[in-house]
Enquirer: 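Have a look at this one before I ask anything.
In this chain, numbering begins with 1 at the start of the sequence shown.
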Amino acid sequence: MRRLLSHPSLVIGLVATVIFLVIGLLSLVWTPYPIEQIDIGRRYLGPSAAHWLGTDNLGRDLASLLMSGTWTSFLVAAVAVAIGVGLGVPLGLAAVAWGGAVEWLVLRLTDFVFAFPAVIVAILITALIGPGAINAIVAIGIFNIPVFARVARGGALSIATLDFVAAGRLAGLGRAMIAWRHLLPNIMSLIIVQGTIQMSLGILAEAGLSYIGLGTQPPATSLGLMLRDAQGVFLIHPWLTLVPGLAIVLIVIALNIAGDGLRDAIDPRLRQGNPNVLA
């Protein structure tokens with residue numbers, strides 16, 4: 001813990017991320033105004049004591065929308081990362097533990113998924129079952145699977161040749177047990193760091209999908225949906241775009257800074273400032 005707290009970038013990134021997460025969680029129990037409350041007579045109001053960030057084109061309170069949208073964006077990204085970890089990591093470990101045809105199949109599967117970006121997958125899913133936040137989660141999650149499979153495979157390959165793994169084989173442990181007991185615990189730091197990176201990419205992907213109408217649908221809201229609603233009045237009422245846009249930028253920067261700091265704190269080769277020397 002002392003080592004983690006000694007990295008200012010990690011602390012700053014985590015604090016900023018937690019602040020945004022708390023703002024999003026708060027929307028589950030309280031917002032200044034209901035997000036579905038429309039007041040056409042009070043639309044396009046600037047920031048004031050009554051409406052901290054002003055109102056949008058329908059007279060809805062922008063601060064309330066921002067709080068709820070932040071939670072939606074975090075939720076979509078987190079579930080998508082969970083899908084990637086839950087399916088991708090076992091695939092990566094299986095590729096190393098069994099090798100041969102299994103490894104070839106996993107690598108070809110990841111190559112196939114990488115050939116279809118999340119937006120294309122979302123369009124295909126939307127054509128079948130319609131747009132929505134669930135579709136965005138599925139699309140981003142499918143794209144995360146090969147990412148975590150590759151990370152898990154790369155990390156496990158460097159562990160599989162070490163002596164304690166060979167000792168496990170001599171002790172009679174099966175391939176699955178070796179992957180569970182020896183490979184997985186030793187690559188968890190890689191998975192955690194990659195998870196923070198994929199969280200930031202997931203928030204960007206969700207915003208992009210919602211912006212083109214394939215993600216979160218009204219009456220729910222997200223940061224990308226707020227951007228889409230404000231695009232037509234950017235030159236007249238720029239704060240409607242700046243509020244969700246700045247929130248997306250700050251969240252992504254916070255997650256990336258936290259991920260970089262976490263990598264530096266966990267990786268022993270980076271703690272000494274020399275990537276070729278173990279601490």
Enquirer: State, to 0.1 Å, how close Val252 and Ser200 come at their nearest heavy-atom pair, and which atoms those are.
Expert: CG2-O, 3.8 Å

Enquirer: Which pair of heavy atoms, one from Thr196 and one from Val193, lies closest together, and at what distance?
Expert: OG1-O, 2.6 Å

Enquirer: Indicate if Val18 and Leu250 have the same hydrophobic cluster label, given that clusters are the connected sets of ILVMFWY residues with side-chain heavy-atom separations under 4.5 angstrom.
Expert: no

Enquirer: Are any non-hydrogen side-chain atoms of Phe143 and Leu201 less than 4.5 angstrom apart?
Expert: no

Enquirer: How many angstroms lie between atom CG of Asp56 and atom NE2 of His51, to the nearest 0.5 angstrom?
Expert: 10.5 Å

Enquirer: Within the 4.5 Å heavy-atom criterion, are Trp71 and Met67 side-chain neighbours or not?
Expert: no

Enquirer: Start with the C-alpha distance between Asp111 and Arg150, add both sets of side-chain angles, then the distance that settles salt bridge (Lys or Arg N to Asp or Glu O under 4.0 Å), and finish with yes or no.
Expert: CA-CA 10 Å; Asp111 290 339; Arg150 293 275 186 172; 2.4 Å; yes

Enquirer: Shared ILVMFWY cluster between Val85 and Ile159, side chains joined below 4.5 angstrom?
Expert: yes

Enquirer: Quick one: do Asn186 and Phe164 satisfy side-chain contact (heavy atoms from CB on, under 4.5 Å)? Show the steps, please.
Expert: CA-CA 12 Å; Asn186 284 283; Phe164 68 89; 3.7 Å; yes

Enquirer: Test side-chain contact (heavy atoms from CB on, under 4.5 Å) on Leu227 and Leu223; report intermediate values, then the result.
Expert: CA-CA 6 Å; Leu227 280 175; Leu223 298 178; over 6 Å; no

Enquirer: For the OH atom of Tyr211 and the CZ atom of Arg228, what is their distance to the nearest 0.5 Å?
Expert: 9.5 Å

Enquirer: Evaluate side-chain contact (heavy atoms from CB on, under 4.5 Å) for Tyr44 paired with Leu240, printing each intermediate quantity in order.
Expert: CA-CA 8 Å; Tyr44 298 131; Leu240 295 180; 3.6 Å; yes

Enquirer: Give the minimum heavy-atom separation between Ala80 and Ile137, together with the two atoms involved.
Expert: CB-O, 3.9 Å

Enquirer: Taking the side chain as everything from C-beta on, heavy atoms only, tell me whether Leu184 gets closer than 4.5 Å to Met188.
Expert: yes

Enquirer: Within a radius of less than 6.0 Å around CH2 of Trp98, do more than 12 heavy atoms belonging to other residues, nucleotides or ligands occur?
Expert: yes

Enquirer: Grouping I, L, V, M, F, W and Y whenever their side-chain heavy atoms are under 4.5 Å apart, do Val233 and Leu242 come out in a common cluster?
Expert: no

Enquirer: Just how far is it from atom CG of Leu66 to atom OG1 of Thr221, taken to the nearest 0.5 Å?
Expert: 9.0 Å

Enquirer: Does any non-hydrogen side-chain atom of Thr17 lie less than 4.5 Å from one of Ile251?
Expert: no

Enquirer: Side chain of Thr110, backbone of Val106: donor and acceptor closer than 3.5 Å?
Expert: yes

Enquirer: Once rounded to the nearest 0.5 Å, what's the spacing between atom CZ of Phe20 and atom CD1 of Ile248?
Expert: 10.5 Å

Enquirer: In sequence, state the C-alpha distance, the side-chain angles, and the governing distance for Glu103 and Leu107, and then conclude on side-chain contact (heavy atoms from CB on, under 4.5 Å).
Expert: CA-CA 6 Å; Glu103 184 175 22; Leu107 292 177; 4.1 Å; yes

Enquirer: So, do Asn144 and Ile83 sit near enough that their side-chain heavy atoms are less than 4.5 Å apart?
Expert: no

Enquirer: Testing the basics here: between Ile191 and Phe148, what is the closest heavy-atom pair and its distance to 0.1 Å?
Expert: O-CE2, 3.9 Å

Enquirer: Using 0.5 Å steps for rounding, measure from the OG atom of Ser222 to the CZ atom of Phe74.
Expert: 13.5 Å

Enquirer: Ignoring hydrogens and angles, state whether a donor on the side chain of Ser210 or Gln217 is under 3.5 Å from an acceptor on the partner side chain.
Expert: no

Enquirer: For the pair Thr216 and Glu206, evaluate side-chain hydrogen bond (donor to acceptor under 3.5 Å, both in side chains) and give the outcome as yes or no after the intermediate values.
Expert: CA-CA 8 Å; Thr216 305; Glu206 188 282 328; 3.2 Å; yes

Enquirer: Identify the heavy atoms of His182 and Val165 that sit nearest to each other, and give their distance.
Expert: CB-CG2, 4.3 Å

Enquirer: Ser64 versus Gln37: any side-chain heavy-atom pair under 4.5 Å?
Expert: no

Enquirer: State, with a plain yes or no, whether a side-chain heavy atom of Pro32 is found less than 4.5 Å away from one of Trp52.
Expert: yes

Enquirer: Any chance you could measure Arg153, atom CZ, to Leu157, atom CG, to the nearest 0.5 Å?
Expert: 5.0 Å

Enquirer: Evaluate the criterion salt bridge (Lys or Arg N to Asp or Glu O under 4.0 Å) for residue pair Glu36 and Arg60; output intermediate values, then yes/no.
Expert: CA-CA 7 Å; Glu36 68 276 3; Arg60 297 175 298 180; over 6 Å; no

Enquirer: Between Leu65 and Leu28, is there shared hydrophobic-cluster membership here, with clusters defined by ILVMFWY side-chain heavy atoms closer than 4.5 Å?
Expert: yes

Enquirer: Looking only at non-hydrogen atoms, find the nearest pair between Gly155 and Leu190 and report the distance.
Expert: CA-CD1, 3.7 Å

Enquirer: Any side-chain heavy-atom pair from Leu225 and Pro218 closer than 4.5 angstrom?
Expert: yes

Enquirer: Same cluster for Val249 and Leu62 if Ile/Leu/Val/Met/Phe/Trp/Tyr side chains link at under 4.5 Å?
Expert: no

